[in-house]
2 protein chains.
Amino acid sequence: MTEPRRRPGPKRALTEEAVLDAALTLLDTDGPGAASIRRIAAVLGVSPNSVYTYLPDKSAIEQALVERLLGDLNRAAPGGDDWRTDLEALALDLRRRLTAHPGAVPLLLGGAMNGPEALLLGERLLDLLARAGLSAAEAARGAYLIMVYVLGAIALEVADVPRAGALAPEEDRIAARRAAMSQVPAAMFPRTAAAVDVTATWIGTDQYLWGLHRVLDGLPTHA
Amino acid sequence: MTEPRRRPGPKRALTEEAVLDAALTLLDTDGPGAASIRRIAAVLGVSPNSVYTYLPDKSAIEQALVERLLGDLNRAAPGGDDWRTDLEALALDLRRRLTAHPGAVPLLLGGAMNGPEALLLGERLLDLLARAGLSAAEAARGAYLIMVYVLGAIALEVADVPRAGALAPEEDRIAARRAAMSQVPAAMFPRTAAAVDVTATWIGTDQYLWGLHRVLDGLPTHA
DNA sequence: AGCGAATGCTGTACGGTGTGCGGAGATAAG
DNA sequence: CTTATCTCCGCACACCGTACAGCATTCGCT
């Protein structure tokens with residue numbers, strides 16, 4: 001065991017984890033972009049530059065935030081016996097965790113998917129698809145496809161929610177979407193207008209699972 | 001025909017289109033976030049506030065930019081006789097146009113998919129799927145699924161390109177990706193490490209088309 | 001032609017952002 | 001105690017979006 005090797009200087013007032021907590025809270029309450037270094041510092045009652053003691057710059061904060069969310073996901077592995085059940089549970093869990101923090105979703109699509117937790121998630125996907133009987137090459141393609149679908153679906157879902165996505169209950173979101181969609185001129189977009197009543201209701205868990213099933217059905221599973 | 005109804009005041013020095021041209025050029029040369037109002041104005045040789053004459057605020061610029069890109073896509077409709085060929089051509093065309101402007105891709109995922117051109121694109125998708133024999137409800141779900149896949153794939157593709165995506169040729173991007181991926185510790189992520197050689201090469205048109213085929217194969221087409 | 005009203009562009013200004021630099025104080029090692 | 005090191009802070013810079021007021025231009029109308 002490496003001795004902690006105490007270093008000189010005053011005691012630290014914060015921890016990296018506290019910084020990330022504050023950042024995530026700000027993202028949840030005030031939406032994406034609210035996790036500015038100055039606001040984080042203000043919440044923690046500290047000077048803006050003190051934050052740089054714990055994380056080198058803003059992109060490091062975003063990366064660490066993504067790693068924390070993915071780490072929580074990875075640490076709650078289901079580990080059943082059916083690969084498809086496990087995969088669906090994993091996908092649903094990721095969606096639940098990300099829609100709980102809509103402000104953090106843009107970070108995932110912004111290129112912060114390089115950390116070890118992201119790699120571990122990819123590894124788990126590859127493992128699940130190997131259990132499904134796919135070859136290594138098929139599993140690699142399939143894992144990437146699933147990642148694309150899952151992240152794309154979540155991103156589109158949180159993007160059309162104008163504000164405070166975590167707070168609005170499902171029915172209100174449906175009503176708001178139906179109101180917005182019923183503005184489409186039926187003369188120009190007949191099929192879109194005709195599908196409004198259908199469309200407005202199923203965006204959410206229903207459509208997420210339906211799409212996931214279509215993707216999984218399309219995989220060349222041999223088992 | 002409504003008479004143009006000439007208004008008082010000095011002649012306009014710019015056009016909305018010129019503003020959008022400058023914004024897109026900045027996005028292409030200096031990456032996402034480079035299309036700031038001040039930089040746009042500087043390129044056009046005009047005061048920052050003059051930009052507000054043509055577009056009400058920054059989000060309007062982003063929305064109009066997305067509408068332009070989607071409008072170009074919609075105006076280049078293939079219109080063949082096989083729905084699946086047309087759909088693949090449309091998906092490939094969208095990817096080609098967006099990867100040519102990687103800095104603009106985050107705008108699509110940022111909620112700027114509400115304009116008429118976006119609606120028209122959705123309508124075209126619904127039409128293609130209706131030609132495929134899908135019911136209205138199936139077509140609605142399928143169109144959304146395809147949109148999720150296409151946008152997700154493009155977003156992930158341009159996200160991992162660190163910089164100047166449009167300029168780097170395919171081989172350089174592959175080499176850079178292989179170098180980055182070969183850093184993953186094989187002890188922790190055996191499957192990921194084993195798949196590096198495969199993975200590094202196919203991200204691009206290959207994997208994009210493979211995933212699209214899997215998605216389309218999964219659709220409940222009856223024709 | 002003259003005039004009033006509407007319009008485009010500009011300069012100034014405010015509050016926000018990330019972050020580099022230097023200093024003051026606290027702490028541990030020698 | 002001295003000295004090296006570290007934490008936190010205040011200041012400063014360069015940007016950002018944009019609100020406001022002023023000035024010059026150009027129209028429609030008389």
Side-chain angles (χ1 to χ4, degrees), chain A residues 2-20 22-27 29-65 103-104 106-107 110-112 163, chain B residues 2-20 22-27 29-65 103-104 106-107 110-112 163:
Chain A
T2 62
E3 190 64 17
R5 173 69 178 106
R6 309 246 286 150
R7 287 166 291 136
K11 308 280 185 183
R12 292 193 163 190
L14 273 38
T15 48
E16 172 179 328
E17 205 170 317
V19 174
L20 297 182
L24 192 54
T25 303
L26 280 170
L27 283 183
T29 55
D30 293 359
S36 74
I37 292 198
R38 299 176 109 101
R39 291 188 66 175
I40 293 172
V43 165
L44 297 172
V46 99
S47 167
N49 277 345
S50 287
V51 176
Y52 290 93
T53 301
Y54 306 93
L55 294 151
D57 56 12
K58 187 181 170 77
S59 77
I61 297 181
E62 300 173 346
Q63 173 107 10
L65 220 40
L107 305 183
R163 218 55 170 68
Chain B
T2 61
E3 190 62 20
R5 173 69 177 106
R6 308 250 283 150
R7 288 166 290 136
K11 307 281 185 185
R12 294 194 164 190
L14 275 37
T15 49
E16 171 179 327
E17 206 170 319
V19 174
L20 297 182
L24 192 54
T25 302
L26 281 170
L27 283 183
T29 54
D30 292 0
S36 74
I37 293 198
R38 298 176 108 103
R39 293 188 65 175
I40 293 172
V43 165
L44 297 172
V46 98
S47 166
N49 278 345
S50 288
V51 176
Y52 289 94
T53 301
Y54 306 92
L55 294 151
D57 56 13
K58 187 180 170 75
S59 76
I61 298 181
E62 299 173 346
Q63 174 105 13
L65 222 38
L107 305 182
R163 219 56 172 67

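Quick note: numbers below take in every heavy atom, side chains included, and nothing from hydrogens, waters or symmetry partners. Below, chains carry the letters A, B, ... as their sequence lines are ordered, and counting in each starts from 1.
The shortest distance between the side-chain N/O atoms of B:Thr53 and the OP1/OP2 oxygens of C:dG8 is not below 4.0 Å. Taking side-chain N and O atoms only, A:Ser50 has no distance below 4.0 Å to OP1 or OP2 of D:dT7.
Of the possible polar contacts, none joining the A:Tyr54 side chain to the A:Val19 backbone as a donor-acceptor pair under 3.5 Å is found.
In plain terms, the two heavy atoms of B:Ala35 and B:Leu26 that are nearest each other are CA-CB, 4.3 Å.
Closest to the side chain of A:Pro8, out of D:dT18, C:dT27, C:dG8, is C:dT27. Taking only side-chain atoms of B:Tyr52, from C-beta outward, the nucleotide of D:dG17, D:dA24, C:dC21 with the closest atom is D:dG17. The side chain of B:Ser47 lies closest to C:dT10 when the candidates are C:dC9, D:dC16, C:dT10.
Here D:dT18 presents its C1' atom at 17 Å from OH of B:Tyr54, a figure rounded to the nearest Å. Atom CZ of B:Arg12 is separated from atom C1' of C:dC9 by 12 Å (rounded to the nearest Å). Residue A:Glu16 contributes atom CD, which lies 16 Å from atom C1' of D:dT7 at whole-angstrom precision. Distance B:Leu55 CG to D:dT18 P: 11 Å, rounded to the nearest Å. In this structure, A:Ile37 atom CD1 and D:dC9 atom C1' are separated by 15 Å, rounded to whole Å. Atom CD1 in A:Ile61 sits roughly 13 Å away from atom P in C:dT17 (whole-Å rounding). Between A:Asn49 atom CG and D:dA12 atom P there is a gap of 14 Å when expressed in whole angstrom units. For the pair B:Leu26 CG and D:dG17 P, the computed distance is 11 Å after rounding to whole Å.
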Steps toward side-chain contact (heavy atoms from CB on, under 4.5 Å) verdict (A:Thr53, A:Leu14) | CA-CA 9 Å; A:Thr53 301; A:Leu14 273 38; over 6 Å; no
Give the C-alpha distance, both sets of side-chain angles, the deciding distance and a yes or no for side-chain contact (heavy atoms from CB on, under 4.5 Å) between B:Val43 and B:Thr25.
-> CA-CA 10 Å; B:Val43 165; B:Thr25 302; over 6 Å; no
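Comparing B:Pro48 and B:Gly9 against DNA chain C, the residue whose closest nucleotide sits nearer the 5' end is B:Gly9. Nearest-nucleotide positions on DNA chain C for A:Lys11 and A:Lys58 put A:Lys58 closer to the 5' end.
Between the side chains of A:Ser59 and A:Asp57, a donor-acceptor pair is found at a separation under 3.5 Å.
Side-chain to base pairing of A:Asp57 with C:dG18: no donor and acceptor N or O lie closer than 3.5 Å to each other. One N or O donor and one acceptor, one from the side chain of B:Arg38 and one from the base of D:dT18, sit under 3.5 Å apart.
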